[in-house]
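Here is the structure we will look at.
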Amino acid sequence: MSEANDTRTLQSSEHLDEITCLMYIERQLERVRAAEVSAHTQECTQCRTLLRALERESRLLTRALFEEDEPLPARLAEFQERARRSMQWIWGVVVGLAATGVYALYSTYVVPGQTELEKAGFGGTNLLGLLIFQGAFWKGWQSVVTLLEVLALLTMAGFAMMIFRRRSRRGYVLAMLVATLLGGVLLPGTAGATEFRKGEASERVASDEVIHGDLFITGSRVQMDGTVEGDVFVFAQSADINGHVKGDVIAFVQSTRISGTVDGNVRGFTDSLFISGSVARNVLAFAGTINLDSSSKIGGSVTAFTNSPALDGEIGKDVLMFAKDISLDGKVHGSIRAKAGDLHIGPKAEVDGHINFEGDKDPSVPSQAKLAYPVEFKRWVHDSENSPRHYVWQGIWSAALILFGLVLFLLLPDFALQSVDNSERYGASFGLGILVLFGVPIAALIACVTVVGLFVGISALFLWYAGLYAAQVVVGGLVGQWVLGRTRELWPLIGRMVVGLILLRLCTAVPVVGGWVKFAIVIWGLGAISLSIYRRFAPVVTPPSGASTPAPYAPPPLPPNTTVGGIQPA
Amino acid sequence: MSPSGTIEPTEVVAKARAGDAEAWGQLYHDYAPAIFRFCRRALPSREDAEDATMEVFMKLRGKLVQYDESRSFSAWLYKIAANHCWDTLRRRKVRQDKETGDLDTVPLEHPDASQLEKLIEQRTSEEVRKALAKVGARARMALVMRYYSDMSYDEIADELGVRRAFVGVVLLRARHELRQALESRAALATGGAQ
C-alpha cells in the first residue's frame with residue numbers, strides 16, 4: 001500500500017491521507033515521496049497537525065509500553081535461582097557418579113590388587129605407581145623436573161589459548177600451542193649434544209665410536225656396536241644393539257635385538273623383542289613376542305603387553321604381564337603378576353616372590369621348578385549369554401548408559417545437539433569415526449612410551465574410552481528423533497535419546513549381528529562427536545569488516561518519530 | 001535492557017553457549033524483566049506472560065547455539081519472544097483480524113487531526129495500557145513489536161505472516177482500534193461520573 005501511495009503525485013490542494021503520514025513518520029517512504037510530504041506539510045496546517053498527532057501517539061505508545069508498572073513476578077525472580085539449583089543438582093549427580101565410579105574402581109581393583117601386590121612383594125605400591133615409579137618410565141628426579149616443565153608449559157599454553165581465543169583465529173592459536181609443546185619437548189634434547197643419523201638402507205655405529213649425548217637413529221636396518229653416553233632412539237625395521245648404551249633405549253622397530261649392555265631402561269614398541277644382553281634397569285614393551293634369552297639379565301622389572309613372551313633369563317625385580325601364553329624358564333628375584341590364557345613354568349624356573357596368575361587354564365608347574373610360594377591361580381569366569389545374570393547386567397549397563405547420556409546432554413546441551421545433527425552427515429561421520437577409533441589409541445600408546453607423553457597418552461585413552469559410550473548416546477539421540485520426530489528442545493531431545501538408546505541396546509543384543517551393529521554405531525557416533533569437536537576448533541573465517549563489528553548494544557529505542565526532512569511544529 | 005551498559009553481551013552469551021551456569025544466570029538476570037514486559041504487553045494475562053517468559057528462556061537455551069554473533073542479541077531475543085507469543089495466541093485460536101482480507105479496501109480517510117491530538121494529550125500511559133488490553137491480538141502484537149522492541153517492518157511481516165507492504169496498514173488499523181478503545185473508556189468514565 002505504501003508503494004502504491006508513493007507513485008501518486010501529491011497535489012497541493014489535496015490533504016495527506018493517514019497511512020502516508022504514518023509511513024512518513026516511520027521512515028518508510030521513498031526519498032522523493034518523503035520530500036513531497038515534507039514540502040506539503042510546510043504549507044498545510046491540517047496535515048502538519050495530523051503528523052504531529054501521529055508522532056505524539058507513537059511517543060505515548062512507547063512510553064506506555066516501556067513504563068515499569070509492575071515488578072518482575074516472584075515466580076520469575078525465583079526461576080533463576082531454580083535454574084542454578086537445577087545445575088547444582090546436575091553437578092551433584094556428576095560428582096556422585098564420579099565418586100561412585102572411583103569407589104567402585106578402588107574397591108574392585110585397587111584394594112584387592114594392592115593387597116595381592118603387597119603379598120607379591122611389590123612394597124605396597126599400586127598399579128599406576130608400579131608403572132610409573134618402579135617401571136621403565138621412572139628415570140629419577142630429573143624426569144620429575146622435566147614433567148613439571150611440560151605441565152607448566154601446558155598450563156601456560158592453556159592460558160594463552162583462553163586469552164587469545166576471542167581475538168585470534170583458532171587455527172592460529174592451535175598452531176601456536178602445538179609449536180610451544182613441540183618446543184618444550186625438543187628443548188631438553190637440543191640442550192645436549194644430540195646426534196641424528198639417517199640411513200636409507202642401513203645405518204651403523206662402529207664399535208670404536210663414542211657418542212657423547214643422545215642418538216636418534218633411523219634406517220631400514222640399524223646396527224649399534226659403539227658406545228652412546230645418552231639415550232638411543234631407534235626408528236627402523238630391524239635394530240641390533242650390540243654396543244653399550246649408558247642411557248635408555250627407546251625403540252620403534254619391527255624386530256629389536258639387544259645383545260649389548262644398556263645401563264638404563266628399554267622401552268619398546270615393537271613386533272618382536274629379543275634380549276640376550278644385559279639391561280641394568282627396567283623393560284617396558286608393547287610387543288608381539290618377547291624373548292628374554294637364558295643369557296639375558298634385567299636388573300629391574302619387566303612390564304609387558306604382549307602375545308607370547310618367553311622369559312628364560314634373569315630378572316632382578318618384579319614382572320607384570322598381560323599376554324596370551326606366557327612361558328617362564330628363568331630366574332625372577334621379585335614377584336610375578338600375570339593375566340594370560342596360559343602359563344607354562346619350565347623346570348629351570350626360579351621365583352623368589354609370589355606368583356599371582358589369572359587365566360583360562362591351570363598353570364603347568366613341573367616339580368623341578370624352584371618356586372618360593374605356590375602359584376595363586378584365579379580362573380576367569382565367562383558369563384553365558386543365556387544366563388539370567390547376563391540379562392540383569394545388560395539391564396544395569398543400559399540404565400547406566402542412559403544415565404551417562406542424561407548427564408552428558410545436561411552438561412553440554414549445545415555440543416550434544418550439534419553431535420546429533422552431525423551424525424546425519426553419514427559419510428563424514430563414518431570416515432572420521434574409523435580414523436578416531438583406530439588412530440587415537442595407537443597415537444596414545446606411542447605417546448605413552450615416552451616419559452613426556454605418558455599423561456597425555458593416558459588422558460587421551462580415557463577420553464577415547466568415554467567416547468565409545470558417548471558415541472552410542474549420540475546415535476541414540478538420532479534414532480530417537482527418527483522415531484519420535486525432530487526437536488531442538490533439550491528435554492524432548494533427552495527423551496528421544498532414551499528411546500533411541502533402548503532401541504539400540506535391543507539391536508545390539510541380537511546374537512552375531514549385534515556385535516557388528518554395535519561396532520558400526522560406535523564408529524558412527526565417534527565420527528559425529530569428532531566432527532563437532534573439529535568444528536569448535538576449526539579456523540573461523542573472519543566476516544567482512546562491516547559485519548564483524550557487533551552492533552553496539554542499545555536499549556529498545558524511543559519511537560521512530562523523527563521524520564525525514566524535519567517536521568515543523570505548529 | 002542490560003544493566004551493564006551499552007555493550008552487547010558477547011562474552012556472556014559465549015560463556016552461556018559453552019554451558020556456563022553463571023553466564024546463563026547473568027543473561028536471565030539482565031534480560032528477563034524486558035522479556036516479561038514484552039510478553040505482558042502482548043498476551044492477555046499476567047499468568048500467560050509469566051509462563052511465556054519462562055518458556056522463551058527455555059527456548060533460548062536450546063537455540064543459543066544458533067545465535068549469530070554478528071547480530072544484536074537483544075533484537076534476536078525479542079524475535080524469539082515475539083514468535084513464541086504469536087504462536088501462543090494462534091494456538092488459542094484467537095479471533096483472526098481481517099487485515100489480509102480487506103487491506104486494499106482500507107479507506108484513505110483524513111481523520112480530524114485536532115480531535116486526535118486532543119485525545120492523545122488527555123490520555124495517560126496507564127489508560128493506554130488498559131486500552132491496549134481491549135484491542136485484538138494481531139493489533140496488539142503489531143504495536144508491541146514495533147513500539148516496544150523496535151522490530152523492522154520485514155521482521156513484523158515475517159512474524160505476522162503478511163506482506164511487508166501491508167505492515168503499515170496493520171499498524172494503522174491497530175492504532176484505530178486503540179483509539180476506539182481509548183474513546184470508549186473515556187465515554188464510560190464520563191458516563192460513570194455523571
Side-chain angles (χ1 to χ4, degrees), chain A residues 1-5 15-20 22-23 26 28 46-47 49-50 52-54 56-58 60-70 72-73 75-76 79-80 83-84 87 166 411-415 417-418 488-490 493 543 547-548 550-557 559-560, chain B residues 1-2 6-10 17 19 21 24-25 28-29 32-34 36-37 40-41 46 50 53-54 58-59 61-65 69-72 74 103-104 106 108-111 113-114 116-117 120-121 123 125-126 128-129 132 143-144 147-150 153 165-166 168-169 171-172 175:
Chain A
M1 173 141 306
S2 59
E3 284 85 343
N5 288 335
H15 286 303
L16 296 169
D17 55 59
E18 194 181 5
I19 187 73
T20 304
L22 183 65
M23 293 298 94
E26 298 261 309
Q28 299 296 321
Q46 201 174 339
C47 290
T49 308
L50 180 61
R52 193 175 60 217
L54 287 171
R56 285 184 177 174
E57 192 177 44
S58 294
L60 177 64
L61 261 169
T62 302
R63 196 166 58 242
L65 293 171
F66 260 92
E67 264 181 11
E68 291 188 36
D69 53 322
E70 49 190 326
L72 193 67
R75 183 156 76 106
L76 290 180
F79 182 63
Q80 182 184 349
R84 203 171 64 81
M87 288 305 289
R166 305 303 306 172
L411 277 180
L412 305 164
D414 295 346
F415 186 77
L417 192 64
Q418 207 176 8
R488 308 297 299 174
E489 306 291 323
L490 181 63
L493 185 64
S548 65
Y553 169 75
Chain B
M1 194 158 73
S2 168
T6 57
I7 308 294
E8 271 291 325
T10 319
R17 281 167 86 156
W24 174 253
Y28 183 84
H29 177 266
F36 169 68
R37 218 174 300 134
R40 183 77 182 93
R41 306 296 182 231
R46 185 183 164 88
E50 287 181 24
T53 306
M54 282 199 276
M58 296 299 280
K59 272 190 180 173
R61 198 158 198 158
K63 284 175 181 276
L64 209 53
V65 70
E69 286 180 9
S70 63
R71 292 184 59 192
S72 158
S74 50
L103 283 173
D104 289 324
V106 171
L108 300 176
E109 61 189 21
H110 197 296
S114 308
L116 176 62
E117 206 170 25
I120 290 161
E121 274 176 2
R123 298 293 166 253
S125 299
E126 192 181 353
V128 172
R129 283 195 294 273
L132 194 66
L143 291 173
V144 173
Y147 299 108
Y148 181 78
S149 53
D150 192 32
Y153 273 41
F166 293 143
V169 182
L171 284 169
L172 187 61
R175 284 182 182 230

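Throughout, protein chains are lettered first and strands after them, A, B, ... in sequence-line order, and every chain is numbered starting at 1. The analysis underlying the following values was restricted to heavy atoms, covering all of them including side chains, and did not include hydrogens, waters or symmetry mates. Predicted, not measured: the structure shown is a model, and the values here were computed from it.
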(request) Answer with side chain, backbone, both or neither: which region of Lys59(B) has an atom nearer than 4.5 Å to a non-hydrogen atom of chain A? (result)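 Interface part for Lys59(B): both.
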(request) Could you look at Leu493(A) and say if it's the side chain, the backbone, both or neither that has a heavy atom under 4.5 Å from chain B? (result)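 No part of Leu493(A) comes within 4.5 Å of chain B.
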How far apart are the closest heavy atoms of [X] and [Y], and which atoms are they?
X         : Y         : answer
Arg123(B) : Leu60(A)  : O-CD1, 3.8 Å
Ile19(A)  : Val169(B) : CD1-N, 3.7 Å
Phe66(A)  : Arg37(B)  : O-NH1, 3.6 Å
Met23(A)  : Gly168(B) : CE-CA, 3.2 Å
Ala64(A)  : Ser125(B) : CB-O, 3.5 Å

(request) Ignoring hydrogens and angles, tell me if any N or O in the side chain of Arg52(A) forms a donor-acceptor pair with the backbone of Glu117(B) under 3.5 Å. (result)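 Flag not set: sc Arg52(A) to bb Glu117(B) has no pair under 3.5 Å.
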(request) Tell me, yes or no, whether the heavy-atom count around Glu67(A) atom CD, taken from other residues, nucleotides or ligands under 6.0 Å, exceeds 12. (result)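 Yes, the 6.0 Å shell around CD holds more than 12 heavy atoms from other groups.
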(message) If we define contacts as heavy-atom pairs under 4.5 Å, which of Arg46(B), Arg17(B), Arg175(B) has the most with chain A?
(response)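 Of Arg46(B), Arg17(B), Arg175(B), Arg175(B) has the most heavy-atom pairs under 4.5 Å with chain A.
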(message) Name the residue from Arg40(B), Arg41(B), Arg129(B) that meets the side chain to side chain contact (heavy atoms under 4.5 Å, CB included) definition with Leu65(A).
(response)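 Testing Leu65(A) for a side chain to side chain contact (heavy atoms under 4.5 Å, CB included) against Arg40(B), Arg41(B), Arg129(B) leaves exactly one candidate, Arg41(B).
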(request) Enter the distance from Leu116(B):CG to Glu18(A):CD here, rounded to the nearest 0.5 Å. (result)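 One finds 7.0 Å between CG of Leu116(B) and CD of Glu18(A).
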(request) Give, for atom CG of Leu54(A) and atom CD1 of Ile120(B), the distance between the pair rounded to the nearest 0.5 Å. (result)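 The distance works out to 7.0 Å.
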(message) Run the side chain to side chain contact (heavy atoms under 4.5 Å, CB included) test against Ser114(B) and tell me which residues pass, sequence neighbours left out.
(response)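 Side chain to side chain contact (heavy atoms under 4.5 Å, CB included) check on Ser114(B) returns Asp112(B).
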(message) If you apply the rule side chain to side chain contact (heavy atoms under 4.5 Å, CB included), what do you find for Tyr147(B) with Glu57(A), and how did you get there?
(response) CA-CA 11 Å; Tyr147(B) 299 108; Glu57(A) 192 177 44; over 6 Å; no
